[in-house]
Amino acid sequence: MGLENYITTAGTHGKKYYCDDLRRVGPKKPLSYLPLDFIKNFNGEDPQILQKEAQREGKIAIIFSPKDCVIVSGALYIADTKALSKLLNERREILEKSNWPTDPEGFIRRLSNDFVSAQNGTPLLDTITDAFGDYQNPNRSDGGITSDS
């Protein structure tokens with residue numbers, strides 16, 4: 001779900017729903033992120049509290065400042081370490097061929113600065129969308145699959 005969907009569905013779900021997307025990180029959604037201004041100003045939550053909450057659960061949680069990522073306000077990325085490691089290991093050849101990191105933290109750091117280098121319809125984009133649990137993204141090489149496939 002892109003940021004535009006978060007904003008346009010606000011009235012339907014309420015504020016907590018959006019940060020809950022960060023909390024739903026797990027086997028079917030190894031990675032999630034939200035812009036810092038969205039977390040603070042729209043959701044009224046503290047990114048550092050969300051980061052500590054995720055770290056207590058054994059997840060990777062990185063806050064990127066605006067100068068450290070492509071998101072204008074900065075962003076909080078949260079990943080399920082085990083699930084993301086498994087995905088990256090399964091896609092190691094794709095990542096190496098594309099000169100992308102194969103470790104979870106390196107992958108997240110690269111994404112925070114360079115997610116646009118993944119061309120539509122490529123195995124790299126499929127890997128990125130799978131990391132976010134975005135199995136039905138129409139820009140995938142398979143046109144979008146279900147998470148059960």
Side-chain angles (χ1 to χ4, degrees), residues 1-92 94-96 98-120 122-140 144 146-147:
M1 176 182 292
L3 180 59
E4 65 282 353
N5 291 333
Y6 286 117
I7 293 169
T8 59
T9 60
T12 309
H13 298 290
K15 290 182 177 182
K16 277 292 205 191
Y17 172 80
Y18 308 105
C19 284
D20 284 349
D21 190 61
L22 293 171
R23 293 180 178 108
R24 283 194 294 270
V25 165
K28 290 189 177 189
K29 181 180 181 59
L31 180 62
S32 186
Y33 84 95
L34 282 177
L36 296 180
D37 66 347
F38 188 83
I39 294 168
K40 293 180 215 173
N41 301 326
F42 183 76
N43 245 57
E45 293 203 49
D46 183 335
Q48 291 179 330
I49 290 173
L50 293 172
Q51 179 187 37
K52 288 176 184 166
E53 178 184 299
Q55 289 170 335
R56 276 194 304 273
E57 295 172 1
K59 296 175 180 170
I60 297 170
I62 304 171
I63 294 176
F64 293 99
S65 72
K67 68 179 177 68
D68 294 327
C69 73
V70 296
I71 307 298
V72 174
S73 69
L76 169 61
Y77 282 74
I78 295 178
D80 180 297
T81 308
K82 185 176 179 180
L84 186 56
S85 292
K86 181 177 186 261
L87 175 67
L88 299 180
N89 283 331
E90 289 171 353
R91 311 286 175 81
R92 178 174 293 280
I94 293 165
L95 294 166
E96 288 174 346
S98 302
N99 295 313
W100 272 64
T102 58
D103 65 289
E105 189 169 328
F107 181 79
I108 294 166
R109 289 187 183 285
R110 176 75 183 262
L111 269 176
S112 73
N113 281 295
D114 188 27
F115 61 86
V116 295
S117 72
Q119 306 254 331
N120 288 346
T122 63
L124 178 58
L125 183 73
D126 294 350
T127 300
I128 292 170
T129 59
D130 286 351
F132 285 107
D134 189 4
Y135 303 104
Q136 297 179 357
N137 187 307
N139 296 317
R140 296 172 58 94
T146 66
S147 60

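In this chain, numbering begins with 1 at the start of the sequence shown. What's counted below: heavy atoms across the whole structure, side chains too, no hydrogens, waters or symmetry copies.
Going from atom CD of Glu90 over to atom OG1 of Thr127 covers 9.5 Å, rounded to the nearest 0.5 Å. In this structure, Asp68 CG and Ser112 OG are separated by 7.5 Å, a value rounded to the nearest 0.5 Å. In this structure, the separation between OG1 on Thr81 and NZ on Lys86 is 15.0 Å, given to the nearest 0.5 Å. Within the model, atoms CG of Asn113 and SG of Cys69 stand 7.0 Å from one another, a figure rounded to the nearest 0.5 Å. Between the CD1 atom in Ile128 and the CG atom in Asn139 there is a gap of 11.5 Å [rounded to 0.5 Å].
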Asp134 and Thr129: CA distance, side-chain angles, deciding distance, side-chain hydrogen bond (donor to acceptor under 3.5 Å, both in side chains) verdict:
CA-CA 5 Å; Asp134 189 4; Thr129 59; 5.8 Å; no

What verdict does the side-chain hydrogen bond (donor to acceptor under 3.5 Å, both in side chains) test give for Asn89 and Arg92, after you've listed the backbone C-alpha separation in whole Å, the side-chain angles of each residue and the deciding distance to 0.1 Å?
CA-CA 5 Å; Asn89 283 331; Arg92 178 174 293 280; 2.9 Å; yes

For Thr102 and Phe107, run side chain to side chain contact (heavy atoms under 4.5 Å, CB included): C-alpha distance rounded to whole Å, both residues' side-chain angles, the deciding distance at 0.1 Å, then the answer.
CA-CA 6 Å; Thr102 58; Phe107 181 79; over 6 Å; no

Pair Arg23-Glu53, side chain to side chain contact (heavy atoms under 4.5 Å, CB included): steps then yes or no:
CA-CA 9 Å; Arg23 293 180 178 108; Glu53 178 184 299; 2.7 Å; yes

Take Leu111 and Trp100 through the side chain to side chain contact (heavy atoms under 4.5 Å, CB included) test and state the conclusion after the steps.
CA-CA 9 Å; Leu111 269 176; Trp100 272 64; 3.9 Å; yes

Decide side chain to side chain contact (heavy atoms under 4.5 Å, CB included) for Ile62 and Arg109; before the verdict, give the C-alpha distance in whole Å, the side-chain angles of both, and the deciding distance to 0.1 Å.
CA-CA 9 Å; Ile62 304 171; Arg109 289 187 183 285; 4.2 Å; yes

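By the 4.5 Å heavy-atom criterion applied to side chains, Ile63 and Ser65 are not counted as neighbours. Side-chain contact between Ser32 and Tyr77 is absent, with no heavy-atom pair separated by less than 4.5 Å. Counting heavy atoms from C-beta on, the side chains of Ile39 and Leu50 come closer than 4.5 Å. Looking only at side-chain heavy atoms (C-beta outward), Ile78 and Leu31 stay at 4.5 Å or farther from each other.
Residue Pro101 comes nearest to Arg110 through the heavy atom pair CD-CB, 3.9 Å, listed as atom of the first residue, atom of the second, then distance. Ile60 approaches Pro104 most closely through the heavy-atom pair CD1-CB, 3.5 Å. Between Leu36 and Ala75, the shortest heavy-atom distance links the atoms CG-N, 3.5 Å. The two residues Asp103 and Gly106 come nearest to each other via the heavy atoms OD2-N, 2.8 Å. Across all their heavy atoms, Pro27 and Ala83 have their closest contact at CA-CB, 3.8 Å.
A distance-only check finds no donor-acceptor pair linking the side chain of Glu45 to the backbone of Lys40 [under 3.5 Å]. For Thr122 (side chain) and Gln119 (main-chain N/O), a donor-acceptor pair under 3.5 Å exists by modelled atom type.
The only member of Val25, Asp130, Ile108 that meets side chain to side chain contact (heavy atoms under 4.5 Å, CB included) when paired with Leu84 is Ile108.
Between Lys29 and Asp80, no side-chain nitrogen of the basic residue sits less than 4.0 Å from a carboxylate oxygen of the acidic one, so the salt-bridge criterion is not met.
With sequence neighbours left out, the side-chain contact (heavy atoms from CB on, under 4.5 Å) criterion links Pro66 to no other residue.
Taking the six-membered ring for Trp and thresholds of 30 and 60 degrees, Tyr33 and Phe132 have ring planes more than 60 degrees apart, a perpendicular arrangement.
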